[in-house]
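Everything on this sheet refers to the single structure shown next.
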2 protein chains.
Amino acid sequence: MSMAANSKRKFEAMRNDSRLSRMLHVLIHMDRHKGAATSDMIANMLNTNPVVVRRTMAGLRDQGYVRSEKGRGGGWTLARKLEDISLLDIHQALGAPPIFAIGLTEDHPECLVEQAVNSALTDAFKEAEAVLVARFAGVTLADLARDFDQRFEQISKCR
Amino acid sequence: MSMAANSKRKFEAMRNDSRLSRMLHVLIHMDRHKGAATSDMIANMLNTNPVVVRRTMAGLRDQGYVRSEKGRGGGWTLARKLEDISLLDIHQALGAPPIFAIGLTEDHPECLVEQAVNSALTDAFKEAEAVLVARFAGVTLADLARDFDQRFEQISKCR
DNA sequence: ACCTCTAGCAACAAGAAAAGTTACGAGATA
DNA sequence: TATCTCGTAACTTTTCTTGTTGCTAGAGGT
């Protein structure tokens with residue numbers, strides 16, 4: 001029963017890039033778990049498969065946020081404290097994928113109308129992106145963990 | 001030579017939704033053009049084909065920003081003045097497509113960690129979206145046209 | 001030594017989404 | 001009536017991301 005792990009969700013092919021959300025989820029769980037988490041375990045948690053996990057976590061490893069160890073007893077461990085990892089860090093470790101689903105056209109670079117349109121749109125997008133990046137930079141995984149604690153407390157109280 | 005129009009760009013299938021950019025481009029040109037623009041003409045301008053143009057412009061027509069007329073001499077005309085159309089109007093007329101390429105996960109709605117993560121992310125996205133929407137609402141097509149005029153003037157001066 | 005567990009990696013398959021395409025219908029005008 | 005034009009449905013193409021398989025290599029335990 002060692003390698004009976006993966007594949008649950010076959011369809012429903014993700015219109016959005018949910019890697020950031022997933023990695024944040026995983027990292028916080030890793031912090032609590034204490035002990036290496038195997039790709040298989042993580043894949044189960046995310047309803048995906050171990051190869052996808054390794055693929056995605058590779059970026060985090062390269063940036064020094066997690067470590068991976070081969071062999072028996074190996075797996076993934078946090079390489080930093082949660083308070084030293086921001087949402088922006090993880091976003092960038094994932095390769096800073098495009099934030100916006102809306103894009104510009106470059107069909108007629110010399111067209112002054114196109115230039116005016118693109119200029120207005122890029123200004124707006126840059127402004128929104130700056131806000132998002134600032135937000136991401138200002139939130140650490142420790143903040144999320146604290147939020148978790150509060151939610152847990154809240155639920156405990158209600159019983 | 002009447003119907004030798006469409007298809008230039010076969011490949012390069014658009015990673016982003018560029019409909020907003022394209023429609024803005026078209027609308028401003030329509031304002032200058034004076035006279036109905038056929039889907040074929042517009043398709044040529046955008047390096048696409050007439051059916052895609054109709055499909056996209058349908059939303060703008062339904063919201064009253066443009067009119068379409070069938071038959072000889074028909075085509076598309078502006079139904080409002082440029083100063084009465086904002087970028088936000090067009091975005092919404094296109095069905096308010098998703099702005100962000102990054103999404104959340106709902107794998108474990110009961111998981112408090114996931115809740116904490118999603119809460120932080122949605123807050124950030126909402127804030128960024130509010131900024132973008134405010135920007136879009138504050139810019140009219142007339143503003144873009146003015147920007148065009150300035151660029152044109154600039155170029156004329158440089159000669 | 002050998003066996004098992006683990007990540008790393010490359011290559012391929014699958015599924016979905018957006019755009020492109022084809023085909024035909026309906027209205028308008030000469 | 002012939003032709004131009006949009007309206008629309010159905011199908012195809014292209015591309016992206018993820019999922020999957022198969023193999024290599026390293027790390028322990030037995």
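To find a chain, count down the sequence lines: A is the first, B the second, and so on, and within it residues start at 1.
- Clustering of Ile, Leu, Val, Met, Phe, Trp and Tyr side chains at separations under 4.5 Å places A/V131 together with B/V131.
- In this view, A/Q63 and A/Y65, A/A93 satisfy the side chain to side chain contact (heavy atoms under 4.5 Å, CB included) rule, not counting sequence neighbours.
- Taking A/K126 as the reference, nothing meets the side chain to side chain contact (heavy atoms under 4.5 Å, CB included) condition, with sequence neighbours excluded.
- Side chain A/R22 to base D/dT17: no donor-acceptor pair is found below 3.5 Å.
- Side-chain polar atoms of A/S21 and B/T105 form a donor-acceptor pair below 3.5 angstrom.
- Residue B/D17 contributes atom CG, which lies 15 Å from atom P of D/dC16 at whole-angstrom precision.
- Judged by distance alone with a 3.5 Å cut-off, no donor-acceptor contact links the side chain of A/R54 to the base of D/dT20.
- Sorted by first and then second residue, the side-chain hydrogen bond (donor to acceptor under 3.5 Å, both in side chains) pairs involving residues 53-62 of chain B (not counting sequence neighbours) are B/S39-B/R54.
- B/L94 places its CG atom 13 Å from the P atom of C/dA18, with the value rounded to the nearest Å.
- In this structure, of D/dG22, C/dG20, D/dT8, it is D/dT8 that holds the atom nearest to the side chain of B/R61.
- Among residue pairs with one or both ends in residues 129-150 of chain A, those qualifying as side-chain hydrogen bond (donor to acceptor under 3.5 Å, both in side chains) are A/R32-A/D149, A/R135-B/E127, A/T140-A/D143, A/D143-A/R146, A/D147-A/R151; sequence neighbours excluded.
- For B/S39, the side-chain atoms get nearest to D/dC6 when compared with the rest of D/dC6, C/dG20, D/dT18.
- Between A/A58 and A/G73, the residue anchored nearer the 5' end of DNA chain C, judged by the nucleotide with its closest heavy atom, is A/G73.
- OP1 and OP2 of D/dG19 both lie 4.0 Å or more from every side-chain N or O belonging to A/N49.
- Here the side chain of B/V51 is nearest to one of D/dT18, D/dC6, D/dA9, namely D/dA9.
- Whole-Å rounding puts the A/D40 CG to D/dG19 P distance at 14 Å.
- Comparing D/dT5, D/dG19, C/dA19 by their nearest atom to the side chain of B/R55 picks out C/dA19.
- Closest to the B/V52 side chain, of the nucleotides D/dT5, D/dT18, C/dT21, is C/dT21.
- For the pair A/A36 and A/G73, the tightest heavy-atom approach, listed with the atom from each and the gap, is CB-O, 3.9 Å.
- Residue B/M57 contributes atom CE, which lies 9 Å from atom P of D/dC6 at whole-angstrom precision.
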In B/S/- notation, 5' to 3', how is nucleotides 23-30 of chain D contacted by protein heavy atoms closer than 4.0 Å? ---BB-S-
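- Between D/dG19 and A/T48, a contact under 4.0 Å exists linking OP1 or OP2 to a side-chain N or O.
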